[in-house]
Number of protein chains: 2
Amino acid sequence: MSFQERKKKIVSAVNEAGSLSVFQLSEKLSMSPATIRRDLGDISDEGLLIRTHGGAMKVDDPVLTSFTGKSGSNENNKEAIGKLAAAFVQDGDIIFLDCGSTVFKMCRHLKNRNRLKVITNSLPVLAELFDAPGISINLIGGEFDKQRQAVHGERAVQHIDQYHAQKAFIGVDGLSAEKGLTAHSELEATITSAFVRNANEIFLLCDSSKIGKDSYIRFGSLAMIHKLITDKDLDNQINAAFREKGLEVVKG
Amino acid sequence: MSFQERKKKIVSAVNEAGSLSVFQLSEKLSMSPATIRRDLGDISDEGLLIRTHGGAMKVDDPVLTSFTGKSGSNENNKEAIGKLAAAFVQDGDIIFLDCGSTVFKMCRHLKNRNRLKVITNSLPVLAELFDAPGISINLIGGEFDKQRQAVHGERAVQHIDQYHAQKAFIGVDGLSAEKGLTAHSELEATITSAFVRNANEIFLLCDSSKIGKDSYIRFGSLAMIHKLITDKDLDNQINAAFREKGLEVVKG
DNA sequence: CTAAATTTGATCAAAAATAATCAAATATGA
DNA sequence: TCATATTTGATTATTTTTGATCAAATTTAG
């Protein structure tokens with residue numbers, strides 16, 4: 001039985017029972033407690049259940065479901081990218097978090113950081129992180145865009161320009177060695193540009209499906225980016241092309 | 001049974017009973033009093049209940065009631081006030097909406113307005129109104145306060161000062177003819193003051209339980225207010241005193 | 001106000017659970 | 001096929017949790 005099979009069984013068993021111990025699961029699935037523990041660790045990292053001492057309980061999110069990110073394409077790869085990216089965030093950091101589903105995936109892996117300051121225009125990010133005890137959030141003000149569930153516009157850019165962060169985690173709609181960073185919305189492009197010019201280190205989170213494709217607004221070059229964080233499916237030739245241009249690529 | 005499970009049981013038991021002693025909980029959950037005390041300490045640190053000598057009681061204003069916050073005391077009166085206040089909002093208006101449970105109650109009655117512009121620092125307000133087709137929202141930026149689920153601070157005040165609205169709908173923690181408007185948080189007081197100085201017409205929403213009582217920060221006089229919107233239980237003498245001072249009172 | 005009773009928080013040792021490590025088993029791929 | 005990588009289960013050291021004890025703090029009663 002593979003991990004993926006077990007994962008589904010574990011999640012549904014825990015959801016049904018409310019909570020189960022490692023030993024109950026171990027018996028139910030005929031697996032050793034060590035394996036169950038590993039599984040539970042992985043699953044709770046994804047937020048599908050809550051790890052407890054001795055077992056796990058189901059996650060009941062009575063809250064905030066209206067703002068939690070919509071799940072779309074390339075779910076697993078985005079999840080992996082989020083986890084990778086989160087590893088670059090340390091306690092005490094001040095970071096910009098863009099709106100966008102891949103950046104949103106980072107959040108769940110940031111919840112136990114301490115003294116972390118997050119500056120964001122994304123409501124899903126806020127909803128995910130606002131109750132984390134070690135994180136304080138600075139919300140960017142301006143016009144609220146209901147499509148993107150984020151704040152945009154002139155006022156938002158002004159707001160960002162008044163801050164400086166050590167690291168910025170951003171997303172794009174297209175990325176290629178030739179055209180650089182592209183977006184399909186002027187609003188998003190201006191916000192992302194503002195993040196870039198006010199942070200020391202820029203991390204671009206971009207799953208392989210967007211790489212090699214261009215959207216219609218060009219708003220930045222590869223030179224702006226310090227690290228590209230992407231997934232295991234990135235084409236090797238493209239990867240080589242990026243590296244040749246001096247871009248550091250982190251591949252899941 | 002893990003702490004996480006107990007925590008849920010304790011919180012719901014205390015919320016149901018209103019208050020419980022350490023020993024009642026100890027017996028109910030078959031745990032030693034020492035463990036219950038530790039749990040209560042942790043839980044009250046999160047603000048999910050209030051620690052008392054000998055036990056714990058439920059928190060009146062549940063901190064984490066999600067963004068769609070259902071509020072606590074005087075529910076019906078607040079609901080009525082909200083409806084009354086909403087009647088003063090017309091299509092095409094630009095309005096400030098404060099954070100606070102009474103102002104939040106207005107929102108439900110605003111959803112079908114057209115060309116309405118709402119400027120707010122309250123996440124519950126945003127959550128309630130963001131999908132209304134006729135309403136555009138300007139979110140005030142700044143430090144996010146997880147307790148109040150709203151944005152506060154210096155930056156937020158600057159933001160507000162860049163806008164002007166026809167009407168402001170605000171709340172207070174205490175109101176009396178003698179001391180005027182009072183609040184129990186500096187943060188809230190400065191935000192409310194900013195709304196007041198940048199709007200033409202100020203509507204104060206305040207249920208009768210807060211009238212005649214003073215909180216500890218005085219931040220405004222009755223003269224600032226154009227209309228007080230309150231409930232049917234307002235004492236007639238106090239009502240008369242307000243009117244004598246030139247305050248227009250709308251009573252439910 | 002003082003004294004008795006109760007409650008608490010701190011400390012400690014035992015028990016339980018975990019993470020880390022390693023070797024065997026299994027799967028993967030050239 | 002063989003070599004390599006991944007997954008699993010056992011072992012062990014570490015961490016977490018728990019209940020008991022006791023001095024200090026708080027409440028209650030006189």
Side-chain angles (χ1 to χ4, degrees), chain A residues 1-11 13-14 17-59 76-77 79-80 83-84 86-87 91 108-109 111-114 133-134 231-237 239 250-252, chain B residues 1-11 13-14 17-59:
Chain A
M1 177 161 42
S2 71
F3 167 62
Q4 279 77 3
E5 291 175 70
R6 280 203 311 275
K7 177 175 149 184
K8 279 178 112 175
K9 288 189 184 175
I10 290 175
V11 170
V14 169
S19 72
L20 286 172
S21 73
V22 168
F23 295 104
Q24 287 172 306
L25 285 165
S26 156
E27 195 168 336
K28 189 185 273 274
L29 302 179
S30 310
M31 287 285 139
S32 76
T35 302
I36 297 294
R37 289 198 181 97
R38 255 185 297 250
D39 289 352
L40 290 181
D42 291 345
I43 298 172
S44 75
D45 279 349
E46 294 180 46
L48 271 51
L49 47 73
I50 293 168
R51 192 67 226 275
T52 67
H53 240 253
M57 56 191 280
K58 78 172 171 186
V59 52
N76 289 337
N77 280 342
E79 177 65 42
K83 195 170 180 179
L84 273 176
D91 284 358
R108 119 182 348 146
H109 304 284
K111 289 185 127 178
N112 52 4
R113 292 293 190 290
N114 292 307
D231 57 70
K232 60 184 184 333
D233 298 338
L234 177 64
D235 184 274
N236 274 327
Q237 287 198 345
N239 191 344
V250 180
K251 205 171 146 185
Chain B
M1 177 160 43
S2 69
F3 165 63
Q4 285 84 349
E5 292 175 70
R6 277 202 311 275
K7 177 176 147 185
K8 274 172 81 173
K9 290 188 184 174
I10 290 175
V11 170
V14 169
S19 72
L20 287 171
S21 74
V22 168
F23 294 103
Q24 287 174 304
L25 285 166
S26 156
E27 194 168 337
K28 190 186 272 273
L29 303 178
S30 311
M31 287 286 139
S32 76
T35 302
I36 297 294
R37 290 199 181 96
R38 253 187 299 251
D39 288 352
L40 290 182
D42 290 345
I43 298 172
S44 74
D45 280 349
E46 292 182 50
L48 270 51
L49 49 73
I50 294 168
R51 192 66 225 274
T52 64
H53 260 259
M57 56 189 274
K58 80 171 171 187
V59 54

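A note on names: the letters A, B, ... follow the listed sequences, proteins ahead of strands, and every chain is numbered from 1.
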Would you kindly give the [atom1]-to-[atom2] distance between [X] and [N], to the nearest whole Å?
| X | N | atom1 | atom2 | result |
| --- | --- | --- | --- | --- |
| Asp42(A) | dT8(D) | CG | P | 10 Å |
| Lys7(A) | dT8(D) | NZ | C1' | 19 Å |
| Leu40(A) | dG9(D) | CG | P | 14 Å |

List for me each residue that meets side-chain hydrogen bond (donor to acceptor under 3.5 Å, both in side chains) alongside [X], sequence neighbours excluded, and say none if there are none.
| X | answer |
| --- | --- |
| Ser19(B) | none |
| Thr35(A) | Ser32(A) |
| Arg6(B) | Asp39(B) |

Next item on the list: For Arg51(A), enumerate each residue passing the salt bridge (Lys or Arg N to Asp or Glu O under 4.0 Å) test, keeping only those at least two apart in sequence or located in another chain.
Entry: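 Expected list: none.
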Next item on the list: Tell me, please, which residues at least two apart from Lys9(B) pass side chain to side chain contact (heavy atoms under 4.5 Å, CB included).
Entry: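 For Lys9(B), the residues satisfying side chain to side chain contact (heavy atoms under 4.5 Å, CB included) (neighbours in sequence not counted) are Met1(B), Leu29(B).
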Notebook entry, point to check: Partners of Ser21(B) by side chain to side chain contact (heavy atoms under 4.5 Å, CB included), sequence neighbours excluded?
Noted result: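 Testing Ser21(B) for side chain to side chain contact (heavy atoms under 4.5 Å, CB included), a comparison that skips the adjacent residues, returns Phe23(B), Gln24(B).
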Measure all distances between protein nitrogen or oxygen atoms and nitrogen or oxygen atoms of nucleotides 21-30 of chain C, and list the pairs falling under 3.5 Å.
none

Checklist line | Those residues of residues 19-28 of chain A lying under 4.0 Å from DNA chain D by at least one heavy atom | finding: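 Going residue by residue through residues 19-28 of chain A, none turns out to have a heavy atom under 4.0 Å of DNA chain D.
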Checklist line | End-to-end axis angle, where each axis spans five pairs of the helix from dC1(C)-dG30(D) to dA30(C)-dT1(D), to 10° | finding: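 For the helix from dC1(C)-dG30(D) to dA30(C)-dT1(D), the axes at either end differ by 40°.
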Check: Is the shortest side-chain N/O distance from Arg51(B) to OP1 or OP2 of dT8(C) below 4.0 Å?
Finding: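 Yes.
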Next item on the list: Pull out every residue in residues 29-37 of chain B that has a heavy atom closer than 4.0 Å to any atom of DNA chain C, ordered by number, or say none.
Entry: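 Residues of residues 29-37 of chain B under 4.0 Å from DNA chain C: Arg37(B).
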Next item on the list: Work out which heavy atom in Leu40(B) is nearest to a heavy atom in Ala56(B); give both atom names and the distance.
Entry: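 Nearest heavy atoms, Leu40(B) then Ala56(B): CD2-CB, 3.9 Å.
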Polar atoms only, N or O, under 3.5 Å: list the protein pairs with nucleotides 26-30 of chain D and their distances.
from	atom 1	to	atom 2	distance (Å)
dT26(D)	O3'	His53(B)	NE2	3.0

